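Following: one structure in structure tokens, then a few remarks.
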Number of protein chains: 2
Amino acid sequence: MPSPRQLKLGAFMRPVSIHTGAWRYPQAWRDANFNLTRLKYLAERLEQGRFDAFFMADHLAVLNMPIDALQRSHTVTSFEPFTLLSALSQHTTHLGLVATASTTFEEPFHIARRFASLDHLSGGRAGWNIVTTSNPDAARNFGLEDHVEHAERYRRAREFYDVVTGLWDSWADDAFVRDAGSGQFFDPARLHVLDHKGPHFSVRGPLHIARPVQGWPVIVQAGASEAGRQLAAETAEVVFAAHGTLEEGRRFYADVKGRMRAIGRDPNHLKILPGAFVVVAGTLAEARAIRARLDSLVHYESAIASLSISLGVDASQFDPDGPLPRDLPDTNASKSARERAIALAEREGLTVRQLAQRLGGFSGLSFVGTPQTIADEMQQWLEQEGSDGFNIMFPWLPGGLDAFVDTLVPELQGRGLLRREYEGTTLRENLGLPRPGNRFFR
Amino acid sequence: MPSPRQLKLGAFMRPVSIHTGAWRYPQAWRDANFNLTRLKYLAERLEQGRFDAFFMADHLAVLNMPIDALQRSHTVTSFEPFTLLSALSQHTTHLGLVATASTTFEEPFHIARRFASLDHLSGGRAGWNIVTTSNPDAARNFGLEDHVEHAERYRRAREFYDVVTGLWDSWADDAFVRDAGSGQFFDPARLHVLDHKGPHFSVRGPLHIARPVQGWPVIVQAGASEAGRQLAAETAEVVFAAHGTLEEGRRFYADVKGRMRAIGRDPNHLKILPGAFVVVAGTLAEARAIRARLDSLVHYESAIASLSISLGVDASQFDPDGPLPRDLPDTNASKSARERAIALAEREGLTVRQLAQRLGGFSGLSFVGTPQTIADEMQQWLEQEGSDGFNIMFPWLPGGLDAFVDTLVPELQGRGLLRREYEGTTLRENLGLPRPGNRFFR
């Protein structure tokens, strides 16, 4: 019996892989940060696997690790999201293209325009992963000595979103008449000048590009804090969540969809996709061996540095073989990353060293097994309302992605849990999201 | 006898055409602002014609014309340069991709990163047209009520350039060792942290993308003012010039190349390409008829509004059939545009109406004739050191470009004035420009 609901699948990509040991894995593509040919292959395979979207991870600085750890990280460089996804749009026809863009270090006029342009270039496949950027080193690349405080970042993000969506609505869909005979290119009655004036931004508009194919590109968010959940319930269409367990996932799902109902939004108009690290192989033992091999390639120095970033304190001062101290000092670090680290250590009773090694590789939700066991787990999440699908992280590239598409995708399709063909051509159509009306025009 | 020098050719593109009447021309593509298929065709044809670069015109606002004029303009919308050129990079293999980016309304960290990414994606074909943005309406899209004053824009531009090029040099070309055995991804001794602190910018760095394929993308500028010429002599590798006559071109050429010699730069390391509007047809009469038809499609209301922008004053207050008044009030408008308009009116003895109609269509250097007469003129400019080539504007698209590639390109190639095959794969190689050394590493 096919399931009444189907999984939505994003692929959360860094050019090499999310797992910090992945670039050292045998046969891994170590040069994908610089090599578009690699990315083309990966995007084409994701489309063959009927993924909803290529989801481009991003940050705005070289990560602030000690140099001894940093020199071991493949995440120091990557393509820039807008340019990379625009290029990949020309090698795909249905795959969504989600770019991460910061509301703290960008201008809303530029962001509105670039997403609109990507949406036109791709025939309606753009999505915007709204981030407020919690990496303190990013501030120093933009003339700020101190990082912007958490609550202030969210207030700015909300206004940023209002400006960007308002700019996208600058033109009615039928504004451009292009009547060569009369010489009228557009109908002035179908143009709206936003003239936004708020606490953070003054933006006149209009945007000098037509309304996006999708009306608005799909709005994606990831924040798990109180402010992040509320912003998501009000504005997001996809939430990239982070849960270690189905029980956590169900609580988050019920909370966010409840917040939507409370403000009158249809809960189906937001897809909750927890990040999931998927290692699939012919046998359970083989899958576990792949993960163990990967984790063994993570250096302890890098791992303890990553842990320090997540906690916002120098974790190398702690006893590596003792538990994580309680009552850590308050910091300006991302609350969601910090809370996740603390919860993981408590849930699994990890020492500082164990926690560092897990975080240094990949610490979140993981499905490690055969196509059958993983499909069972995914089905359980879907049926028990733990999620609407997943944002997949591959253990290494290209092999981890190839195994997913070649073995897990057919298993999911056979159970009716994943599309065999795309429902439409735009990202919205494939995600089952409505096209937003224009707030200024009918 | 083949000429010892060859023309370098850019194509100065707006999605429809530079000429404001072009979208109304019979058979013109009126929807190219929204239709990537059109742009793909144009880029592919430019590459067949062995052009050096697709040069993407840009502005950061809907032009500040009265709505009656504005509604007749096809320039109200276009794709955004980085996204468009990234997409076009996937349909071309040798054509340079020059994006316009503003030093007044952008952040140097973002600009450095996007150009580096475009350069990697395209295999070394990126160029940066540095503009300081003279459109006062742009300021209001970025939270500024008053436009930044001319000299201050140039001071900021110079520091912006220093930061961007410094960020491009963050990594030595051999920094990324990717030694899977030892776990070292890069050599820390081959990484430089810029840590720039200046009057306009504080930018720590490093850039989180490898040094561009070309070292630096090709630096393009257009300013004709004293400050613009000096900045060009110090930093530019291509100058997009604007001259009405060969005599003006020769003076500019001698001036800028002289400034280069004065500071010890090789004059061959900068290519001066005046913008040239080229209407080519089988007979002179036919070519003139095409231009007359085009100009007849420019509305007077639009024309007088454009003239007002160029002059920085409301030109509709002047007697349309009288000469342009002398002693116009000082404004914050682009000095080069204003001086060009005044010079054109004086040189050709134009009334305000005639000047508006010329400016409203295209007012600058024009070659209107047969392949033979136009090749004669271009050869004269090249041999008399009026320019190193041209930045071509087509009268309408696609026909004006098709005629250029199908008839004028073979004529130029037959005379040895234009390459038959590209010299290299990068924009620098094709322009004959050296790859910049890294200021921090040998």
Side-chain angles (χ1 to χ4, degrees), chain A residues 23-24 28 30-31 33-34 36 59-62 67 70-74 76-80 82-84 86-87 89-91 105-107 109-110 113-114 116-118 120-121 137 140-143 145 171 176 178 180 183-188 201-206 208-210 297 299, chain B residues 23-24 28 30-31 33-34 36 59-62 67 70-74 76-80 82-84 86-87 89-91 105-107 109-110 113-114 116-118 120-121 137 140-143 145 171 176 178 180 183-188 201-206 208-210 297 299:
Chain A
W23 73 271
R24 300 177 66 191
R30 306 186 216 299
D31 66 347
N33 287 338
F34 307 86
L36 183 66
H59 37 77
L60 290 174
V62 168
I67 193 73
L70 187 65
Q71 68 179 294
R72 304 185 183 286
S73 170
H74 66 274
V76 285
T77 69
S78 79
F79 291 112
E80 182 275 338
F82 286 104
T83 45
L84 175 63
S86 298
S89 75
Q90 303 305 297
H91 300 287
F105 301 112
E106 289 273 9
E107 286 284 341
F109 193 85
H110 286 314
R113 185 184 186 207
R114 290 206 176 94
S117 192
L118 177 61
H120 282 287
L121 289 168
D137 267 9
R140 285 182 247 165
N141 290 329
F142 298 93
E145 280 304 310
W171 303 88
F176 297 95
R178 301 188 207 103
Q184 185 177 50
F185 193 77
F186 71 88
D187 176 356
F201 303 106
S202 289
V203 181
R204 184 167 178 272
H208 51 321
I209 185 166
L297 295 170
H299 276 256
Chain B
W23 72 272
R24 301 176 67 191
R30 305 187 217 298
D31 66 347
N33 288 337
F34 306 86
L36 184 65
H59 37 77
L60 290 174
V62 168
I67 193 73
L70 187 65
Q71 67 178 294
R72 304 184 183 285
S73 171
H74 66 272
V76 284
T77 69
S78 79
F79 291 111
E80 182 275 339
F82 285 104
T83 46
L84 175 65
S86 297
S89 76
Q90 303 305 299
H91 301 286
F105 301 113
E106 290 273 10
E107 287 283 344
F109 194 84
H110 286 313
R113 184 184 186 207
R114 291 206 176 93
S117 192
L118 177 61
H120 282 287
L121 290 168
D137 267 8
R140 283 181 250 165
N141 289 329
F142 298 94
E145 280 305 310
W171 303 89
F176 297 95
R178 300 187 207 103
Q184 185 177 50
F185 194 77
F186 71 87
D187 177 357
F201 304 106
S202 290
V203 181
R204 182 165 179 273
H208 51 322
I209 184 165
L297 296 168
H299 277 255

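It should be emphasised that the depicted structure is a prediction, and the values quoted were computed from it without experimental measurement. So that the names make sense, note that chain A is the first sequence line, chain B the second, and so on, each numbered from 1.
Among A:F105, A:F176, A:F82, A:F201, the residue making the largest number of heavy-atom pairs under 4.5 Å with chain B is A:F176. Between chain B and the residues A:H59, A:E106, A:H120, the most heavy-atom pairs under 4.5 angstrom are made by A:E106. Between chain A and the options B:L121, B:D187, B:L118, heavy-atom pairs under 4.5 Å are most frequent for B:L121. For chain A, the option among B:G183, B:A61, B:G143 with the highest count of heavy-atom pairs below 4.5 Å is B:G183. Your options are B:R24, B:Q71, B:H91, and the one with the most heavy-atom pairs under 4.5 Å with chain A is B:Q71. Note: A:H110 leads A:H299, A:H110, A:R140 in heavy-atom pairs under 4.5 Å with chain B.
Proximity to chain B involves both the backbone and the side chain of A:A87, based on heavy atoms less than 4.5 angstrom apart. At a 4.5 Å heavy-atom cutoff, the contact between A:L60 and chain B is made by backbone and side-chain atoms alike. Interface remark: B:Q184 contributes backbone and side-chain atoms alike to the contact with chain A (heavy atom separation under 4.5 Å). At a 4.5 Å heavy-atom cutoff, the contact between A:F186 and chain B is made by backbone and side-chain atoms alike.
Between B:R204 and A:D137 there is a salt bridge, with a side-chain nitrogen of the basic residue lying less than 4.0 Å from a carboxylate oxygen of the acidic one. At a threshold of 4.0 Å, the pair B:R113-A:E80 does not count as salt-bridged, since none of the basic side-chain nitrogens sits closer than that to a carboxylate oxygen.
With no hydrogens or angles considered, no side-chain donor-acceptor pair links A:S86 and B:S86 at under 3.5 Å.
Side-chain N or O atoms of B:N141 include one that pairs as donor or acceptor with a backbone N or O of A:G205 at under 3.5 Å.
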Point to revise | side chain to side chain contact (heavy atoms under 4.5 Å, CB included) between B:L84 and B:L36, worked out | key: CA-CA 8 Å; B:L84 175 65; B:L36 184 65; 3.7 Å; yes
Check your understanding: Under the side chain to side chain contact (heavy atoms under 4.5 Å, CB included) criterion, do A:R178 and A:F185 qualify, and how do the steps go?
Key -> CA-CA 4 Å; A:R178 301 188 207 103; A:F185 193 77; 3.6 Å; yes
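Aromatic ring pairs are classed by plane angle as parallel below 30°, tilted from 30° to 60° and perpendicular above 60°; the pair A:F109 and A:H208 is parallel.
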